[in-house]
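Only one structure is covered here, and it is reproduced in the block below.
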Amino acid sequence: MDDWKIGDIRVTRILEMCDPLRTPSEWFPDCSDEALEPHLHWLAPRSISPATGRIILPIQSFLVRTGHHTILVDGCVGNDKTIADFPHWHRRSDGTFLKRLANAGVAPEEIDYVLCTHLHVDHCGWNTRLVDGRWIPTFPNARYIMARRELEAAQAASGDATRTYEENVLPIVEAGRAVLVDMDHALDDEIWLEPTPGHTMGHVVAIALRSRGIGAVFSGDLMHWPMQCIYPDWNFRWDTDPDQARRTRWAFLEACSDNGRIVMTSHFPLPSVGTISRRHSSFWFDDYQPP
C-alpha cells in the first residue's frame with residue numbers, strides 16, 4: 001500500500017529504493033545474536049535479507065496533500081550526490097523518484113513545502129538537482145522548512161566527505177527558499193513539528209498530523225528498525241547524542257503506544273506505517289490496518 005487517508009489529509013509514499021545495506025551489528029552495536037534469534041522468523045524476509053543477513057532499508061519520502069498545501073516530507077538520496085561511503089547512492093542518475101512523484105499526480109513546481117526531519121544525506125538529497133553544473137532547488141516554488149538548530153549543525157559539518165551541506169542545503173539557503181524555524185513550529189492547525197533530538201541535535205519528527213480526530217506522526221530517524229521498539233536502548237551507530245537518542249525514543253514510544261496514533265517511519269520495512277502497542281513490557285510496531 002502506498003496511499004493513506006488521515007481524516008481529510010492524503011499521504012502517499014514516494015519510494016526511491018529499498019535494498020539490503022548493512023548487518024544488524026554494523027548499525028546497532030548493542031544488537032547480539034542472542035537477542036536477534038527469537039525474532040528472525042518475522043524479520044526475514046521483509047526486514048532482513050535471508051541471502052545476505054543485511055537489513056533492508058527503504059529510502060522514501062512522503063507526499064502530504066491537505067486542503068491547503070502540497071508537502072513533501074524529506075528528500076531521499078537524490079541524483080549526482082557525493083556519497084562515497086555508499087557506492088549504490090554515489091552519483092546516481094536514476095529517474096525513479098521524480099517518475100513516482102509524477103505518477104502520484106504532482107510536479108516538482110506544485111510542492112508548497114519541503115519539511116526536513118533532519119539534514120542527513122538520505123533525507124535531503126532531492127532538495128536540489130544538478131543543472132548545467134549548478135545545484136538548484138528541485139522544488140522551485142517550495143519553502144524548505146528546516147529546524148534552525150539542525151541547519152547550524154549542518155553548517156558546522158560542512159566540508160565533510162559527503163558534501164551534504166554544500167550540495168543539498170547551501171543552494172537552498174542561497175536561493176532564498178530556506179525557512180528556519182523552532183523545533184516546535186506549527187504550519188497550521190493540522191500540521192506541526194515536534195522536537196525529537198538525539199539522532200541529530202536538530203532532529204524533528206517532521207510532521208505531526210491531525211484531521212477529523214485521527215492523529216499521525218512521521219518519525220524520521222529517531223528509530224531506524226522495528227527492533228528498536230522492543231529494545232529502545234539500542235542506538236543507531238551514527239546517533240549524535242546516544243543518551244539523548246535513548247530518552248527521545250522511550251518518550252516517543254510511550255506517547256504513541258496503545259492510542260491508535262499512526263506512525264509513519266522512514267526506514268522500517270515496507271509498508272513502514274503502523275501503530276505502537278505495548279505487550280509483555282515491550283513495545284511492538286504493528287502494520288497499520290485502515291478501518
Side-chain angles (χ1 to χ4, degrees), residues 1-17 58-81 92-119 121-132 134-147 151 167-181 185-193 204-212 214 216-218 220 262 264 266 271-273:
M1 182 178 184
D2 292 317
D3 224 46
W4 298 267
K5 288 289 286 183
I6 311 297
D8 293 330
I9 297 173
R10 182 182 177 187
V11 179
T12 304
R13 176 211 325 288
I14 308 296
L15 181 68
E16 185 175 37
M17 61 187 109
I59 305 295
Q60 58 195 325
S61 299
F62 290 95
L63 181 68
V64 179
R65 283 171 276 195
T66 77
H68 306 288
H69 307 299
T70 300
I71 299 162
L72 191 72
V73 180
D74 282 345
C76 295
V77 168
N79 280 0
D80 302 301
K81 300 303 167 72
R92 292 171 60 85
S93 57
D94 182 277
T96 299
F97 182 89
L98 292 180
K99 180 179 179 181
R100 288 178 174 168
L101 184 65
N103 289 345
V106 174
E109 293 78 13
E110 296 177 287
I111 300 292
D112 299 311
Y113 292 98
V114 176
L115 292 182
C116 304
T117 60
H118 62 301
L119 297 175
V121 65
D122 56 320
H123 289 260
C124 62
W126 277 108
N127 279 5
T128 60
R129 58 193 180 96
L130 192 62
V131 176
D132 297 329
R134 188 169 66 92
W135 296 108
I136 66 171
T138 302
F139 312 102
N141 299 316
R143 297 184 180 98
Y144 289 70
I145 306 295
M146 305 174 187
L151 178 65
E167 295 178 352
N168 299 347
V169 183
L170 181 60
I172 300 302
V173 175
E174 291 180 337
R177 306 310 302 176
V179 178
L180 305 185
V181 300
H185 175 75
L187 198 61
D188 55 33
D189 58 359
E190 289 184 320
I191 303 175
W192 63 95
L193 308 185
V204 294
V205 170
I207 310 180
L209 306 177
R210 180 163 291 277
S211 176
R212 293 189 177 272
I214 301 173
V217 64
F218 295 85
I262 302 163
M264 300 188 167
S266 293
S272 313
V273 174

Query raised in the report: Would I262 and I214 count as a side chain to side chain contact (heavy atoms under 4.5 Å, CB included) if you check the C-alpha gap in whole Å, the side-chain angles of each, and the deciding distance to 0.1 Å?
Result: CA-CA 8 Å; I262 302 163; I214 301 173; 4.0 Å; yes
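- A 4.5 Å side-chain heavy-atom check between M146 and I172 finds at least one atom pair inside the cut-off.
- Heavy atoms only, all atoms of each residue included: T70 and E110 are closest at CB-O, 3.6 Å.
- Nearest heavy atoms, E109 versus P140: CG-CG, 4.0 Å.
- Summarising the geometry of L72 relative to F139, their closest heavy-atom pair is CD2-CZ, 3.5 Å, with the distance given to 0.1 Å.
- In this structure, the side chains of R129 and D80 stay at 4.5 Å or more apart for every pair of heavy atoms.
- Rounding to the nearest 0.5 Å places NE2 of H69 at 5.0 Å from CG of L187.
- Of all heavy-atom pairs between T138 and Y144, the closest is N-OH, 3.6 Å.
- The CG atom of L63 sits 9.0 Å away from atom CG of D3, with the distance rounded to the nearest 0.5 Å.
- Checking E190 against T66 by side-chain atom types alone, no donor-acceptor pair falls below 3.5 Å.
- Closest approach of R177 to N141, counting heavy atoms only: NH2-O, 3.1 Å.
- When all heavy atoms of R13 and W4 are compared, the closest pair comes out as NH2-CH2, 3.4 Å.
- Side-chain polar atoms of K81 and T128 form a donor-acceptor pair below 3.5 angstrom.
- A side-chain donor-acceptor contact under 3.5 Å links E16 to the backbone of G78.
- The side-chain contact (heavy atoms from CB on, under 4.5 Å) with H123 is formed by just one residue from the set D74, N168, V77; it is D74.
- Looking at R212, its side chain never comes within 3.5 Å of a backbone N or O of D8 through a donor-acceptor pair.
- By the 4.5 Å heavy-atom criterion applied to side chains, S272 and M264 are not counted as neighbours.
- When side chains are defined from C-beta on, V169 counts as touching L151, because their heavy atoms get closer than 4.5 Å.
- In summary, of the residues considered (P137, P171, C116, C76), a side-chain contact (heavy atoms from CB on, under 4.5 Å) with N127 occurs for C116 alone.
- Separating the CD1 atom in I59 from the CD1 atom in I14 is a distance of 14.5 Å, to the nearest 0.5 Å.
- How far CZ of R65 is from CD1 of I9: 12.5 Å, rounded to the nearest 0.5 Å.
- Evaluated for a side-chain contact (heavy atoms from CB on, under 4.5 Å) with I145, the options I71, V114, V179 yield exactly one hit, V179.
- Evaluation of the salt bridge (charged side-chain N to carboxylate O under 4.0 Å, His left out) rule for R92 yields D94 as partners, not counting sequence neighbours.
- A donor-acceptor pair shorter than 3.5 Å cannot be found between the side chains of S93 and N79.
- By the 30° and 60° cut-offs, the orientation of the rings of W126 relative to F97 is parallel.
- Between L209 and F218, the closest side-chain pair of non-hydrogen atoms falls below 4.5 Å.
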